[in-house]
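This chain uses plain numbering: 1 for the first residue, then up along the sequence. Side-chain atoms are counted along with the backbone in the values below, which use heavy atoms only and exclude waters and symmetry mates.
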Amino acid sequence: KAHGASVYPCSPVLVDFYLNANYRNHRKIIVVDGSVGFVGGINLDERYLNNGKHPVFWRDTHLRIEGDAVNILQLQFLMSYRYCSQETFPFGEPFFRRSAFTGHCFTDIVASGPDSEWPVAMQSILMAINVAKRRIRITNPYFIPTEELLTALQMASLAGKDVQLILPYKGDSYIVQHAALSYLKPLLAAGIKIFFYTRGFIHAKTMVIDDNLAWVSSVNFDNRSFYLNCEIGVLIYDKEVAAKLNRAFEEDLLNAVPVRETRWNKRNVIKRFIDAVCRLLT
């Protein structure tokens, strides 16, 4: 503000913490000159620099996009900005512009929030899972799936598709981490391969379907992201982008350990009880 920036809080918590704190803007959007957009999981936080000042290594995924899809990112940003500031903007230069970008990567922006008629982020993920023919690779830091997603992943694995999940070995929320652990047993029973990322905290929210469909977003696999938060995601129908994300997934596997079903089922009763209580709290 001191240097002339316009800064507004989104849905500030003023009186009723339990009501207002649930509805937040969880999107991560930057639009530069109306022509270049950035979207994904990265927050504006020094921890992401991994410069040695913080003890935990942070791993995330973000996209830089050009082309007409940037206009959709701009629209979503400006709608949020208008909600916070009560300012209006013209549908034209310099905020919106016809791009001269000549790439051929089809990109679909998916925006959802508590005012959405449908949980479109969750539905987009479900759609992608259901169209998979061979392989599903998911990375997510907060994995508390709805019954629909849990069933879709189990059915995909039972149908012979290779379903792989990378989750953090140690999360940044005790309750969320243990709640997520309560879902692993039914997933492992269905033959799903689960890996714990051990290098640090993996905050990426990505999915790669076969070799031609990718998803990069701010969306966690939980009800908060699906129903309560304003979220943004990108579906990319492109083999080259899918290949890059597959390579990133395979690099992450080098810093991950597999979860073995037989060993997991032998966890002591106290740990399982903690998982169950945390799942209830979520």
Side-chain angles (χ1 to χ4, degrees), residues 1-12 14 20 22-45 48 60-125 127-128 204-207 212-220 225-242 244-245:
K1 284 184 176 181
H3 289 79
S6 299
V7 182
Y8 295 94
C10 184
S11 297
L14 300 176
N20 292 334
N22 278 319
Y23 300 105
R24 60 173 179 157
N25 193 326
H26 191 242
R27 297 170 180 170
K28 300 93 166 59
I29 300 172
I30 299 176
V31 179
V32 181
D33 295 332
S35 58
V36 179
F38 297 87
V39 62
I42 295 180
N43 296 306
L44 293 179
D45 192 306
Y48 288 83
D60 215 325
T61 299
H62 221 64
L63 293 178
R64 179 187 188 274
I65 66 173
E66 294 182 49
D68 290 335
V70 176
N71 286 326
I72 307 301
L73 276 185
Q74 183 77 292
L75 176 65
Q76 292 299 327
F77 171 82
L78 290 179
M79 286 197 301
S80 296
Y81 193 86
R82 179 180 178 179
Y83 169 74
C84 300
S85 68
Q86 302 302 306
E87 294 182 41
T88 58
F89 299 87
F91 284 96
E93 299 276 355
F95 302 104
F96 300 92
R97 60 183 73 212
R98 177 63 67 180
S99 174
F101 185 68
T102 57
H104 299 286
C105 172
F106 186 81
T107 303
D108 199 7
I109 307 294
V110 179
S112 64
D115 58 338
S116 301
E117 186 176 0
W118 299 94
V120 290
M122 182 182 73
Q123 290 173 333
S124 298
I125 294 169
M127 178 210 71
K205 304 116 179 351
T206 64
M207 179 168 58
N212 49 27
L213 176 60
W215 165 262
V216 177
S217 72
S218 65
V219 183
N220 297 314
S225 274
F226 296 147
Y227 292 100
L228 298 178
N229 293 344
C230 292
E231 302 281 5
I232 195 93
V234 184
L235 280 168
I236 309 123
Y237 306 84
D238 185 81
K239 290 185 177 181
E240 184 177 345
V241 174
K244 289 180 180 179
L245 286 169

| message | Let's go through Cys10 and Tyr83 carefully: what are the C-alpha distance in whole Å and the side-chain angles of both, what is the deciding distance for side chain to side chain contact (heavy atoms under 4.5 Å, CB included) to 0.1 Å, and is it a yes or a no? | response | CA-CA 8 Å; Cys10 184; Tyr83 169 74; 4.3 Å; yes
| request: Quick one: do Val241 and Cys105 satisfy side chain to side chain contact (heavy atoms under 4.5 Å, CB included)? Show the steps, please. | output: CA-CA 8 Å; Val241 174; Cys105 172; 4.1 Å; yes
| field | side chain to side chain contact (heavy atoms under 4.5 Å, CB included) evaluation trace for Ile232 with Val110 | value | CA-CA 6 Å; Ile232 195 93; Val110 179; over 6 Å; no
| field | Criterion side chain to side chain contact (heavy atoms under 4.5 Å, CB included) on Glu87 and Leu78, from CA distance to verdict | value | CA-CA 9 Å; Glu87 294 182 41; Leu78 290 179; over 6 Å; no
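For Leu63, the side chain to side chain contact (heavy atoms under 4.5 Å, CB included) partners are Val39, Ile65, Val216, Val234, Ile236, not counting sequence neighbours. Taking Leu75 as the reference, Met79, Phe91, Phe96 meet the side chain to side chain contact (heavy atoms under 4.5 Å, CB included) condition, with sequence neighbours excluded. Taking the ring pair (Phe, Tyr, Trp, His ring centres under 6.0 Å) definition, one finds that Tyr81 meets it with Tyr8, Phe77, Phe89, sequence neighbours left out. Under the rule for a ring pair (Phe, Tyr, Trp, His ring centres under 6.0 Å), Tyr227 has no partner lying at least two apart in sequence or in another chain. Under the rule for a side chain to side chain contact (heavy atoms under 4.5 Å, CB included), the partners of Ala128 that lie at least two apart in sequence or sit in another chain are Met207, Ile209, Leu213. Considering only residues two or more places apart in sequence or on other chains, Asn71 meets the side chain to side chain donor-acceptor pair (under 3.5 Å) condition with none of them. Applying the side chain to side chain contact (heavy atoms under 4.5 Å, CB included) criterion to Arg97, with sequence neighbours excluded, gives Ser35, Glu93, Pro94.
Counting only distance, with no hydrogens or angles, the side chain of Ser225 and the backbone of Asn220 share a donor-acceptor pair below 3.5 Å. His26 contributes no side-chain N or O that, together with a main-chain N or O of Cys230, makes up a donor-acceptor pair within less than 3.5 Å.
A heavy-atom distance below 4.5 Å is not found between the side chains of Val31 and Val36. Within the 4.5 Å cutoff, the side chain of Phe226 has no heavy atoms near those of the Ser112 side chain.
The number of heavy atoms from other shown groups lying within 6.0 Å of OH (Tyr48) is above 12.
Nearest heavy-atom pair across Ala121 and Val219 is CB-CG2, 4.0 Å. Looking at every heavy atom in both residues, Ala204 comes nearest to Asp60 through CA-OD1, 3.3 Å. When all heavy atoms of Tyr23 and Ser11 are compared, the pair lying nearest together is O-CB, 3.6 Å. Residues Asn25 and Ser80 come closest through the heavy atom pair ND2-OG, 3.3 Å. When all heavy atoms are compared, the tightest approach of Ala214 to Ala242 is CB-CA, 4.5 Å.
Counting only residues at least two apart or on different chains, no salt bridge (charged side-chain N to carboxylate O under 4.0 Å, His left out) pair has a member in residues 230-239. Among residues at least two apart or in separate chains, there is no side-chain hydrogen bond (donor to acceptor under 3.5 Å, both in side chains) pair with a member in residues 115-124. Counting only residues at least two apart or in different chains, salt bridge (charged side-chain N to carboxylate O under 4.0 Å, His left out) contacts with residues 26-35 are absent. The salt bridge (charged side-chain N to carboxylate O under 4.0 Å, His left out) pairs that include a residue from residues 65-81 are Arg64-Glu66, Asp68-Arg98, where partners are two or more places apart or lie in different chains.
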